[in-house]
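Worksheet: one structure, shown below.
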Amino acid sequence: MSYDYVILTGAGISAESGIKTFRDADGLWEGHRIEDVATPEAFEANPDLVYDFYNKRRSQLLSDEIKPNAAHMALAELEKGCSDKILIVTQNVDNLHERAGSKNIIHMHGELQSAWCKSCDSREVWTESLDLLTECPRCQKRGVMRPDIVWFGEMPYRMDEIDQAIKKCKTFVSIGTSGNVYPAAGFVRDARISGAHTVELNLDESQQSGAFVDARLGKASELVPSWVTEVLSGI
């Protein structure tokens with residue numbers, strides 16, 4: 001299927017909703033080294049730490065304080081106005097796009113509210129804590145459930161589908177991304193090679209800003225609604 005717009009979203013779009021961005025200025029992720037909480041090796045070495053880390057993030061997502069912001073809402077309005085011509089590819093593991101009303105979404109890095117059984121390969125919607133005693137609802141085994149999150153060293157989900165969408169889209173938009181995590185950092189170059197118009201909406205310049213034809217700096221909650229208004233007024 002071809003889309004008019006493929007929109008990549010990163011941590012910057014959810015930061016204004018209270019979701020912490022991926023890395024702090026000191027390189028730590030909520031006080032932890034990435035190697036300690038976001039790799040298969042970390043989970044093998046210290047599952048309790050990894051479980052606790054994601055349990056806290058899942059609990060935060062479920063709190064009343066975390067809500068979609070104007071940027072999420074604007075993208076949902078764009079989808080309504082453009083029918084099935086919009087695909088959101090998000091690096092985020094939160095559900096703020098869905099809560100805002102967007103429906104056509106690929107979570108390339110997984111979802112906080114999903115658990116994956118390593119034994120029977122099933123995936124379950126999950127809002128509770130996970131630990132080594134958690135029983136898989138499908139195969140009833142314990143110690144086999146892990147956060148359904150793509151960790152460093154693992155392949156992001158649905159890459160073939162994403163690749164084809166980017167190569168066929170008319171406009172590629174990147175919102176709130178750092179531009180330093182591959183394969184997502186390479187999407188803009190693939191889009192340009194295929195002839196797509198490219199737009200970046202970001203708080204600061206990313207490592208890929210120079211690859212975009214139209215790069216705008218500012219808060220996602222301001223830039224995204226403004227851009228969506230431009231798009232919808234031109235339809």
Side-chain angles (χ1 to χ4, degrees), residues 7-24 28-34 36-40 42-43 46-77 79 88-118 121-138 140-152 154 156-158 175-177 181 203 219-221 224:
I7 301 170
L8 173 69
T9 64
I13 197 170
S14 293
E16 292 180 66
S17 292
I19 301 290
K20 291 185 178 181
T21 54
F22 189 76
R23 304 188 198 201
D24 295 327
L28 297 179
W29 191 8
E30 296 183 20
H32 297 285
R33 295 190 317 140
I34 290 170
D36 294 336
V37 293
T39 66
F43 186 58
N46 193 345
D48 289 337
L49 173 64
V50 176
Y51 278 131
D52 182 64
F53 177 78
Y54 287 98
N55 287 341
K56 288 177 179 176
R57 296 190 74 201
R58 191 180 304 106
S59 177
Q60 180 200 27
L61 182 60
L62 291 168
S63 68
D64 293 336
E65 291 76 22
I66 304 299
K67 299 177 181 178
N69 61 55
H72 297 103
M73 303 303 291
L75 292 181
E77 286 301 311
E79 186 178 291
I88 294 176
V89 177
T90 186
Q91 296 172 281
N92 299 334
V93 295
D94 61 60
N95 63 352
L96 296 181
H97 283 303
E98 287 88 345
R99 288 166 60 184
S102 294
K103 300 183 184 303
N104 201 16
I105 307 164
I106 293 178
H107 282 270
M108 63 180 294
H109 290 162
E111 301 178 65
L112 271 177
Q113 291 186 309
S114 178
W116 174 25
C117 177
K118 296 186 297 178
D121 199 33
S122 65
R123 284 176 167 81
E124 305 289 336
V125 175
W126 208 270
T127 58
E128 305 298 326
S129 292
L130 284 169
D131 58 37
L132 285 171
L133 297 178
T134 301
E135 182 180 284
C136 172
R138 301 288 183 93
Q140 283 74 55
K141 292 183 180 179
R142 297 183 184 273
V144 293
M145 300 292 284
R146 58 161 272 186
D148 190 10
I149 302 294
V150 176
W151 289 325
F152 283 92
E154 298 179 329
Y157 296 151
R158 299 170 66 180
I175 303 171
T177 65
V181 177
L203 184 62
K219 293 181 177 180
S221 61
V224 178

Who are the ring pair (Phe, Tyr, Trp, His ring centres under 6.0 Å) partners of His72, not counting sequence neighbours? His97
With side chains defined as the heavy atoms from C-beta onward, is the minimum distance between Tyr157 and Ile106 less than 4.5 Å? no
Give a yes or no answer on whether the side chain of Gln60 reaches the backbone of Ile66 with a donor-acceptor pair at less than 3.5 Å. no
To the nearest 0.5 Å, tell me how far Ile175 CD1 sits from Leu75 CG. 4.5 Å
Report the distance from atom CZ of Arg58 to atom OG of Ser63, rounding to the nearest 0.5 Å. 13.5 Å
Between Leu61 and Arg99, does a side-chain contact (heavy atoms from CB on, under 4.5 Å) hold up when you go through it step by step? CA-CA 11 Å; Leu61 182 60; Arg99 288 166 60 184; 4.3 Å; yes
Can you find a side-chain donor-acceptor pair between Asn95 and Gln113 that sits under 3.5 Å? yes
Mind checking ring pair (Phe, Tyr, Trp, His ring centres under 6.0 Å) for Phe43 and listing every partner two or more places apart, or none if nothing turns up? Tyr51, Trp151
To the nearest 0.5 Å, tell me how far Ser14 OG sits from Ile19 CD1. 6.0 Å
Any idea which heavy atoms bring Ser17 and Pro68 closest together, and the distance? OG-C, 3.8 Å
Closest heavy-atom pair and its distance - Ala76, Gly101: CB-C, 3.9 Å
Residues in salt bridge (Lys or Arg N to Asp or Glu O under 4.0 Å) with Glu128, at least two apart? none
For Trp126 and Pro137, work out which heavy atoms get closest and say how close. CZ3-CG, 3.9 Å
Separation between CG (Leu132) and CE (Met145), nearest 0.5 Å, reads 12.5 Å
Taking side chain as C-beta onward, heavy atoms only, is Cys117 less than 4.5 Å from Lys141? no
Looking at every non-hydrogen atom in both residues, tell me the closest pair between Gln91 and Gly10 and how far apart they are. OE1-CA, 3.9 Å
For the student: nearest non-hydrogen atoms of Val224 and Ala71, plus distance: CG1-O, 3.6 Å
side-chain contact (heavy atoms from CB on, under 4.5 Å) between Val150 and Met108: does it pass, once the steps are laid out? CA-CA 8 Å; Val150 176; Met108 63 180 294; over 6 Å; no
Would you mind reporting whether Ile149 and Glu154 have side-chain heavy atoms less than 4.5 Å apart? no
Distance-only, no hydrogens or angles: does the Glu16 side chain make a donor-acceptor pair with backbone N or O of Ile13 under 3.5 Å? no
Give, for atom CD1 of Ile105 and atom CD of Glu98, the distance between the pair rounded to the nearest 0.5 Å. 3.5 Å
Donor-acceptor check, side chain of His107 to backbone of Asn92, threshold 3.5 angstrom: yes or no? yes
From Asn55 atom CG to Leu130 atom CG, the distance as rounded to the nearest 0.5 Å: 6.0 Å
Mark yes or no for whether Arg142, through its side chain, and Leu133, through its backbone, hold a donor-acceptor pair below 3.5 Å. yes
